[in-house]
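Encoded as structure tokens, the structure appears first; notes follow it.
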Amino acid sequence: MKRVAFDYVNQFYCLAGSCPDTCCKDWQIILDQDTIEKYRTVEGELGEKLKNALVTEDGETMFRLENGHCVLLRPDGLCPVQAELGDQALCQTCFTHPRFIEEYGSTQELTLSISCPAAVRLLLEHDAPLQILTTENNETVSMPNELDADLYLALLQARKTAFVIAQDRTLPIRKRLGLELLFATQVQDLLNEHRVNAVKTLCRRFSSPASMARQLARAQRCGIRRAQFFPCWMVLNNMEHLTSRFTRLLDAAALCHDGEDLFSLYSVQAENLLCYFLFRYFLKAVNDRQLLARVQSCVFHVLSIRELFRAEENTDFETLLSLASLYSKEVEHSDENLQLLLRVFQRGTLHTAYLLSLLH
């Protein structure tokens, strides 16, 4: 298979016991059946600990949590399964974390989740424009997946253009976010009309300086008045939450109107966050043609992190790392949360003109 990933992926390594936010807390990991059977055969003291730690609820088996942590977690911050039996003994979720993997035909796309402190640091310390690299590996397709080849290739071309827009550092990041929304709107129109072959022409148009100037003027007209964050707060507040810190930040963000602006202090980091979300979600539209809702979601993520950042007392780089990681942990690792957000945009509850008005 081909593997597609950002250029920093091979620099990643697990911080293990020195991780400031271990992945063995807050989440309740559902174990796959093969792992359950394997753990029930482990002998000795570790075997007893594993058996005592397993609980089954609503037909799903998982490890118990104690004070928000996996009951097996050692005082030194290490997992005893990994330490004593090796990485291969971990359940599928723990073994792959923090990797999100999507397969499109014979292509595998790999994203390092920024919920992981090591992964978010690699992303946000990356000063040069991010690059997407393609390599070959010996893996085979895990399960058959049928793709609409024309749609997939059109979306692939469109994502390249979306990256060009996102990384155009001659423009302020807020204008780039606006252009992403207008570009996705026009691509969506073509998808609705089943004119995927016209996407290539649209991509060329968005590389024209004259056309870009017209689009920027249009974005400015659409978002002429500064909107309030409260509708976004309502969406985030209705999601399921893992930590009390996130709910406190949400409430603070709803009341904060004059904090430090992420876009002014950390424009490169905001660009990288946008690219991260576009890379992870853009091509998912090949399954349902719902591109605009996904790009709107990507912009929503960046804007939400911006507003939460305003509410932070400290606005240094370490705070941004911690905040971006927390946001991903709270929002991206819940299918229910992601589906809620997608429905919000599919139904037009939050629309492009509103998002454009948040960009001031």
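Here the structure is a predicted model, which means the values were calculated and not measured. Residue indices begin at 1 and follow the sequence shown.
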In terms of heavy-atom contacts, does [atom1] of [X] have more than 12 from other residues, nucleotides or ligands at under 6.0 Å?
{"X": "Lys38", "atom1": "NZ", "result": "yes"}
{"X": "Glu45", "atom1": "CD", "result": "no"}
{"X": "Glu136", "atom1": "CD", "result": "yes"}
{"X": "Asn67", "atom1": "CG", "result": "no"}

message = Give me each pair satisfying salt bridge (Lys or Arg N to Asp or Glu O under 4.0 Å) with a member in residues 327-340, each pair once, sequence neighbours excluded.
response =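 Those involving residues 327-340 are Asp21-Lys329, Asp26-Lys329, Arg280-Glu332.
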
Pair listing, salt bridge (Lys or Arg N to Asp or Glu O under 4.0 Å) test, anchored in residues 232-253, at least two apart =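 For residues 232-253, and leaving out neighbouring residues, the salt bridge (Lys or Arg N to Asp or Glu O under 4.0 Å) pairs sorted by first residue read Arg245-Glu312.
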
Taking side-chain hydrogen bond (donor to acceptor under 3.5 Å, both in side chains) as the definition, give me every residue that meets it alongside [X], ordered by chain and number, with sequence neighbours left out.
{"X": "Arg99", "answer": "none"}
{"X": "Thr349", "answer": "none"}
{"X": "His241", "answer": "none"}

query = Residues in salt bridge (Lys or Arg N to Asp or Glu O under 4.0 Å) with Glu37, at least two apart?
reply =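 Glu37 satisfies salt bridge (Lys or Arg N to Asp or Glu O under 4.0 Å) with no other residue.
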
ask   = Looking at residues at least two apart in the chain, or sitting in another chain, which of them share a salt bridge (Lys or Arg N to Asp or Glu O under 4.0 Å) with Glu109?
value =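 For Glu109, the residues satisfying salt bridge (Lys or Arg N to Asp or Glu O under 4.0 Å) (neighbours in sequence not counted) are Arg159.
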
task = Could you list the residues that satisfy side chain to side chain contact (heavy atoms under 4.5 Å, CB included) with Cys116, not counting sequence neighbours?
result =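 Expected list: Phe12, Pro98, Ala118, Ala119.
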
query = What residues, two or more places apart in sequence or in another chain, satisfy side chain to side chain contact (heavy atoms under 4.5 Å, CB included) together with Ala166?
reply =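 Ala166: side chain to side chain contact (heavy atoms under 4.5 Å, CB included) contacts with Glu180, Leu274, Cys275, Leu278.
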
Nearest heavy-atom pair of [X] and [Y]: which atoms, and what distance?
{"X": "Phe309", "Y": "Asp316", "result": "CE1-O, 4.4 Å"}
{"X": "Val199", "Y": "Val187", "result": "CG2-CG1, 4.4 Å"}
{"X": "Leu112", "Y": "Tyr8", "result": "CD1-CE1, 4.1 Å"}
{"X": "Ser113", "Y": "Ser115", "result": "OG-OG, 2.7 Å"}
{"X": "Val196", "Y": "Arg289", "result": "CG1-NH1, 4.0 Å"}
{"X": "Val286", "Y": "Leu151", "result": "O-CD2, 3.6 Å"}

Between the side chain of [X] and the main-chain N/O of [Y], is any donor-acceptor distance below 3.5 Å?
{"X": "Asn337", "Y": "Met239", "answer": "no"}
{"X": "Ser325", "Y": "Leu321", "answer": "no"}
{"X": "Tyr281", "Y": "Tyr276", "answer": "no"}
{"X": "Ser267", "Y": "Ile173", "answer": "no"}
{"X": "Asn52", "Y": "Glu48", "answer": "yes"}
{"X": "Asn314", "Y": "Thr319", "answer": "no"}

Non-hydrogen side-chain atoms of [X] and [Y] separated by less than 4.5 Å:
{"X": "Leu90", "Y": "Cys79", "value": "yes"}
{"X": "Phe317", "Y": "Glu125", "value": "yes"}
{"X": "Ser297", "Y": "Phe345", "value": "yes"}
{"X": "Phe100", "Y": "His333", "value": "yes"}

inquiry  = So that I can tick it off, tell me whether Glu43 and Lys51 are bridged by a salt bridge, with the cut-off set at under 4.0 angstrom between side-chain N and carboxylate O.
reply    =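 Salt bridge absent between Lys51 and Glu43.
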
Side-chain cluster (under 4.5 Å, hydrophobic types only) that Val55 belongs to, other residues =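 Result for Val55 is Ile30, Met62.
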
Pair listing, ring-ring contact (aromatic ring centres under 6.0 Å, His included) test, anchored in residues 160-180, at least two apart =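 Residue pairs with at least one partner in residues 160-180: there are none.
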
task = Report the residues that fulfil ring-ring contact (aromatic ring centres under 6.0 Å, His included) with Phe229, sequence neighbours left out, ordered by chain and then residue number.
result =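 Not a single residue meets the ring-ring contact (aromatic ring centres under 6.0 Å, His included) criterion with Phe229.
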
ask   = Will you find, in the side chains of Gln188 and Gln296, an N or O donor that is under 3.5 Å from an N or O acceptor?
value =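 No, Gln296 and Gln188 have no side-chain donor paired with an acceptor closer than 3.5 Å.
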
ask   = What class does the angle between the rings of Tyr327 and His301 fall in, given that below 30° is parallel, 30 to 60° is tilted and above 60° is perpendicular?
value =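 Rings of Tyr327 and His301: perpendicular, as their planes differ by over 60°.
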
